[in-house]
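Okay, structure first, notes after.
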There are 2 protein chains.
Amino acid sequence: MSRVPIPDLPTEPTQARRFGKARTAQSTALAEDYAELIADLLASSGEARPTDIARRLGVSHATAIKTIARLKREGLATSRPYRGVFLTPEGEALAARVKSRHRLVVDLLRAVGVPAEAAEQDAEGIEHHVSDLTLAAFSRYLAKAG
Amino acid sequence: MSRVPIPDLPTEPTQARRFGKARTAQSTALAEDYAELIADLLASSGEARPTDIARRLGVSHATAIKTIARLKREGLATSRPYRGVFLTPEGEALAARVKSRHRLVVDLLRAVGVPAEAAEQDAEGIEHHVSDLTLAAFSRYLAKAG
DNA sequence: CGGCAAGTGTAGACGTGGCTACACTTTCCG
DNA sequence: CGGAAAGTGTAGCCACGTCTACACTTGCCG
Ligand SMILES: [Mn+2]
Ligand SMILES: [Mn+2]
Ligand SMILES: [Mn+2]
Ligand SMILES: [Mn+2]
């Protein structure tokens, strides 16, 4: 059963916990992107319609509608047939958090020398895996070095 | 159809491309983690068995076996019944790339002040979204500031 | 004000990545 | 050397996130 302790690897439970948390982060990523995008659309144009959301995400409108249904199920959004999508207070809170985190991640990447478009691109994925501790460190770093 | 240009948002095609790339990165993340882990297990103990892989990832052995089957389908791994898992040359190349990228991401996070365990934790997810351009910037930053 | 284009919604398919349950093979030790 | 424990494999379930196809509603404009 391989009971020899393996030197350079983390312990099994530690590694399992890390992978597990990464999986969780992944599963919330989509809701976070939708919330952020819906908030942006509402702020800049006053409405967030499924087709606009779909076009901006690069998916079919059917996919967008199904995901919006999940957001509603989870208490993050509301919508009535043919009437556009809105955020609940919880949805707005999520969007605000996600938006500020997104900005911080882009700023940190830029600060360590990542080119603008690469920073924007990579931040779209990275943001969902940045913990509060890491976010705080980014903040401190930017305050000091900025 | 909302043909008013929206000021603060990226253009629709730009944003769609970014989200699309993030989705692609996400879909390769699992294969990357498996390849890296299999290489580590082979290096440190000479064998990589489905149950060990499953325990370290924190999933059931059935899940691990199914994913290993996908790796085999994609030409990254080989295995014969009851005999453990090995990497193809392509699999080893992927593992090497992933491992060095993982290390760089952890080092960068540490360098900007992220606590050790948070860096290890967050890197597990972040690594899959770091482009070559960003990686190169991390490298330069560490060479300079390290 | 009527009709058509655009938008919306629903149904059904598919691949992935989880799980449990159960059957089979290997290994190891008494 | 035989049997129990550990490991392996398979089947079948589920939720998610994607798609295409088709039907229905809205809203605008001629
Ligand atoms: Mn994102
Ligand atoms: Mn974002
Ligand atoms: Mn990882
Ligand atoms: Mn890794």
Side-chain angles (χ1 to χ4, degrees), chain A residues 1-4 12 16-17 19-35 37-38 41 45-74 76-86 125 128, chain B residues 1-4 12 16 19-35 37-38 41 45-74 76-86 124-125 128:
Chain A
M1 215 199 310
S2 133
R3 286 298 69 193
V4 203
E12 243 170 44
R17 188 174 25 73
F19 280 122
K21 282 196 191 169
R23 276 194 301 274
T24 299
Q26 188 145 329
S27 83
T28 62
L30 199 66
E32 292 181 347
D33 283 335
Y34 270 75
L37 177 55
I38 291 168
L41 289 172
S45 81
E47 57 176 10
R49 296 147 86 231
T51 299
D52 290 334
I53 295 169
R55 267 201 300 256
R56 294 203 103 87
L57 286 165
V59 299
S60 73
H61 81 278
T63 296
I65 287 174
K66 235 187 235 184
T67 305
I68 291 164
R70 192 185 120 201
L71 261 41
K72 290 164 71 173
R73 232 189 305 132
E74 292 172 355
L76 296 171
T78 59
S79 79
R80 290 185 350 277
Y82 299 95
R83 275 310 72 120
V85 184
F86 298 91
H128 308 288
Chain B
M1 215 199 313
S2 131
R3 286 299 68 193
V4 205
E12 241 169 49
F19 281 123
K21 283 196 190 169
R23 277 194 301 274
T24 299
Q26 191 138 338
S27 84
T28 62
L30 199 66
E32 292 181 347
D33 283 336
Y34 270 75
L37 176 56
I38 291 168
L41 289 171
S45 80
E47 58 176 11
R49 297 148 84 232
T51 298
D52 290 335
I53 295 169
R55 266 200 300 256
R56 294 203 103 87
L57 287 165
V59 298
S60 73
H61 81 277
T63 296
I65 287 174
K66 234 188 236 183
T67 305
I68 291 164
R70 192 186 120 200
L71 262 41
K72 289 164 72 172
R73 233 189 305 132
E74 291 171 358
L76 296 171
T78 60
S79 78
R80 291 187 346 280
Y82 299 93
R83 279 299 82 112
V85 184
F86 298 91
E124 203 50 75
H128 308 288

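Throughout, protein chains are lettered first and strands after them, A, B, ... in sequence-line order, and every chain is numbered starting at 1.
Phosphate contact (OP1/OP2 of dT8(D), side-chain N/O of T51(B), threshold under 4.0 Å): present.
Legend: residues meeting side-chain contact (heavy atoms from CB on, under 4.5 Å) with K66(A), ordered by chain and number and at least two apart, are absent.
To the nearest 0.5 angstrom, E12(A) atom CD is 13.0 Å from R17(A) atom CZ. Between the CG atom of L37(B) and the CZ atom of F19(A) there is a distance of 5.5 Å, given to the nearest 0.5 Å. Atom CD1 in I68(B) sits 12.0 Å away from atom CG in L76(B) (nearest 0.5 Å).
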Report all interatomic pairs (protein N or O, nucleotide N or O of nucleotides 20-26 of chain C) with separations under 3.5 Å.
unit_1	atom_1	unit_2	atom_2	d
dT25(C)	O4'	Y82(B)	OH	3.1

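Separating the CG atom of L71(A) from the P atom of dA15(D) is a distance of 18 Å, rounded to the nearest angstrom. Counting to the nearest Å, the P atom of dG15(C) and the NZ atom of K66(B) are 13 Å from each other. The interatomic distance linking R80(A) (CZ) with dG9(C) (C1') rounds to 15 Å, in whole Å. One atom, CZ of R23(B), and another, C1' of dT18(D), lie 9 Å apart when rounded to the nearest Å. Per the geometry, CD1 belonging to I53(B) stands 12 Å off C1' belonging to dT8(D), to the nearest Å. Computed from coordinates, the R55(A) CZ to dC19(D) P distance equals 15 Å when rounded to whole Å. If you take CZ of R49(B) and C1' of dA5(D), they are 12 Å apart, rounded to a whole angstrom. To the nearest angstrom, C1' of dT8(D) lies 13 Å from CD of E47(B).
Residues T67(A) and V59(A) are not in side-chain contact: their nearest non-hydrogen atoms beyond the backbone lie 4.5 Å or more apart.
For the side chain to side chain donor-acceptor pair (under 3.5 Å) condition, no pair includes a residue of residues 22-31 of chain A, sequence neighbours left out.
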